[in-house]
Protein chains: 2
Amino acid sequence: QFVARDVKKSYWTGDIEIKALDGISLKVAKGDFKMILGPSGSGKTTLMNILGGLDSADSGEIIINLGNGKFKDIRKFTKNELTNYRRMYIGIIFQFYNLIPILTALENIELAARFSGISNPKRKSKEYLSELGLGDKFNRYPNQLSGGEQQRIAIARALVKDPALILADEPTGNLDSVKTNEIYKILKKLSEDYNKTILIVTHDEDMANKYAKEHIHIKDGRLIRNQEKIER
Amino acid sequence: QFVARDVKKSYWTGDIEIKALDGISLKVAKGDFKMILGPSGSGKTTLMNILGGLDSADSGEIIINLGNGKFKDIRKFTKNELTNYRRMYIGIIFQFYNLIPILTALENIELAARFSGISNPKRKSKEYLSELGLGDKFNRYPNQLSGGEQQRIAIARALVKDPALILADEPTGNLDSVKTNEIYKILKKLSEDYNKTILIVTHDEDMANKYAKEHIHIKDGRLIRNQEKIER
Ligand SMILES: Nc1ncnc2c1ncn2[C@@H]1O[C@H](COP(=O)(O)OP(=O)(O)OP(=O)(O)O)[C@@H](O)[C@H]1O
Ligand SMILES: Nc1ncnc2c1ncn2[C@@H]1O[C@H](COP(=O)(O)OP(=O)(O)OP(=O)(O)O)[C@@H](O)[C@H]1O
Ligand SMILES: [Mg+2]
Ligand SMILES: [Mg+2]
């Protein structure tokens, strides 16, 4: 699906350089289901935002397999290619949801669905919300919903687009264990049955071990080891 | 510390009533350390907001022991009493932090510290931030910090006030397991050594079992059982 090579990204506050990503290289195949773990502040969200085309790396390459034999470095996308990439190819579940406050739950999902070009956007938006237990909450605004309910809108919005690559940044932090397991099962099924590529940032090592054989560990903006499921 | 009796709270969307709290009764003693668990949408945040004086119940009583033999129903507080209650008596760690975007990490903590009337507010603000691993981030703005870094500012802000009652609404959802354990240890110590009353909403049943003997379970706005640590 993609190969990231030596990706670097720094933030600057005044003249102090914060190396959020300090040379990350990563190979992810189509249909992979991988967990990304690492301490708070280690660069996981920065990596997700760069892979999702929402932020730009300072250096390195991120070569994407666009299907039909085409490969391209996302850093060389034109403005239009980047917009299409974000709307159709990628489904991102943000750590802090980024819901639009003046749209209802249903409208939030529908907006993403329509931009992604899928068929029957309204019906599918309703189906996803219902599947996530929000069937009686279509017309609520985000500020009329609990933390976990908002998180589920963010999840539905990424999935309804039927994207090739799903980037989930701590998608279950505000959900109880029953719903957390439901989300992981949905994501795992998308990988196994629909060949979607799934990267999940999580702090929950038990869930990581339960659902994925492959874990990626990040610390101080670098990979520390690419390892199999930890046996206990 | 307090006794809550038959507390009810509804939200209305149009003419539909959502019973967020449907008659909750709860007794919490000074120095208690209790976990509150329950499904997403069950009323935990609503309960925290009411106990913290940020939202008002529709009916019921919440009788607080203010120390020096005084007891009062927070629903009968005057405007000034409620302001003091929120600033000095209560430390709340919000599920979504509620940091002030135009203040730095240090300024966010200091504001709460000054309002609470504690001595040496600036020094203590720095100490708490350093203790939580943010010693090199005093002057960053919230949007220049990772999710878990922002969460730790929210934690520091509640603790620096040295409050009698700490209400932590999912305080470690964005933290890795090392930092999560550090936070639980800090909170546990505040209860055991400083006799502070601590209520923690969490979805993490393993942490709940590891740190607290007493769990409170909420579902559909009601208590379902008050139970001891689950043995496995
Ligand atoms: N402003 C509001 N208007 C309408 N309904 C609301 C509002 N705020 C919360 N609710 C509803 O009240 C119920 C309880 O919400 P609350 O935020 O207390 O849940 P919670 O237990 O904290 O959930 P979570 O674990 O997802 O954070 C939910 O069904 C929610 O949809
Ligand atoms: N806009 C910014 N300006 C300055 N520094 C930033 C900015 N955004 C992030 N950082 C820093 O970059 C580093 C990586 O941040 P990132 O958000 O990727 O971490 P993370 O691994 O997602 O952490 P968490 O688990 O807490 O969400 C952190 O040290 C953070 O303080
Ligand atoms: Mg993050
Ligand atoms: Mg909540």
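Counting all heavy atoms, side chain and backbone alike, B:Gly147 lies closest to A:Gln95 at CA-NE2, 3.6 Å.
Within the 4.5 Å cutoff, no side-chain heavy atoms of A:Thr13 are placed close to those of B:Tyr141. In this structure the side chain of B:Ser146 never reaches within 4.5 angstrom of the side chain of A:Lys44, judged on heavy atoms.
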Query raised in the report: Are A:Thr180 and B:His203 close enough, and set up right, to give a side-chain contact (heavy atoms from CB on, under 4.5 Å), and what steps lead you there?
Result: CA-CA 10 Å; A:Thr180 294; B:His203 282 303; over 6 Å; no
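The part of A:Tyr97 that comes within reach of chain B is its side chain, from C-beta onward, which places non-hydrogen atoms under 4.5 angstrom from that chain. Neither the backbone nor the side chain of B:Tyr11 comes within contact range of chain A; no heavy atoms are under 4.5 Å apart.
A 6.0 Å sphere centred on CZ of A:Arg5 holds no more than 12 heavy atoms belonging to other residues, nucleotides or ligands. Heavy-atom contacts from other residues, nucleotides or ligands closer than 6.0 Å to NZ of B:Lys196 number more than 12. Counting heavy-atom neighbours within 6.0 Å of A:Lys188 NZ, excluding the residue itself, gives a total above 12.
A:Ser40 and B:Glu149 form no side-chain donor-acceptor contact under 3.5 Å, judged by distance and modelled atom types alone.
Heavy-atom pairs under 4.5 Å with chain A were tallied for B:Asp204, B:Val201, B:Ile18, B:Leu145; the largest tally goes to B:Ile18. Ranked by heavy-atom pairs under 4.5 Å with chain A, the list B:Ser42, B:Pro39, B:Gly43 is led by B:Pro39. By number of non-hydrogen pairs under 4.5 angstrom with chain B, the leading residue of A:Gln144, A:Gln150, A:Glu170, A:Gln151 is A:Glu170.
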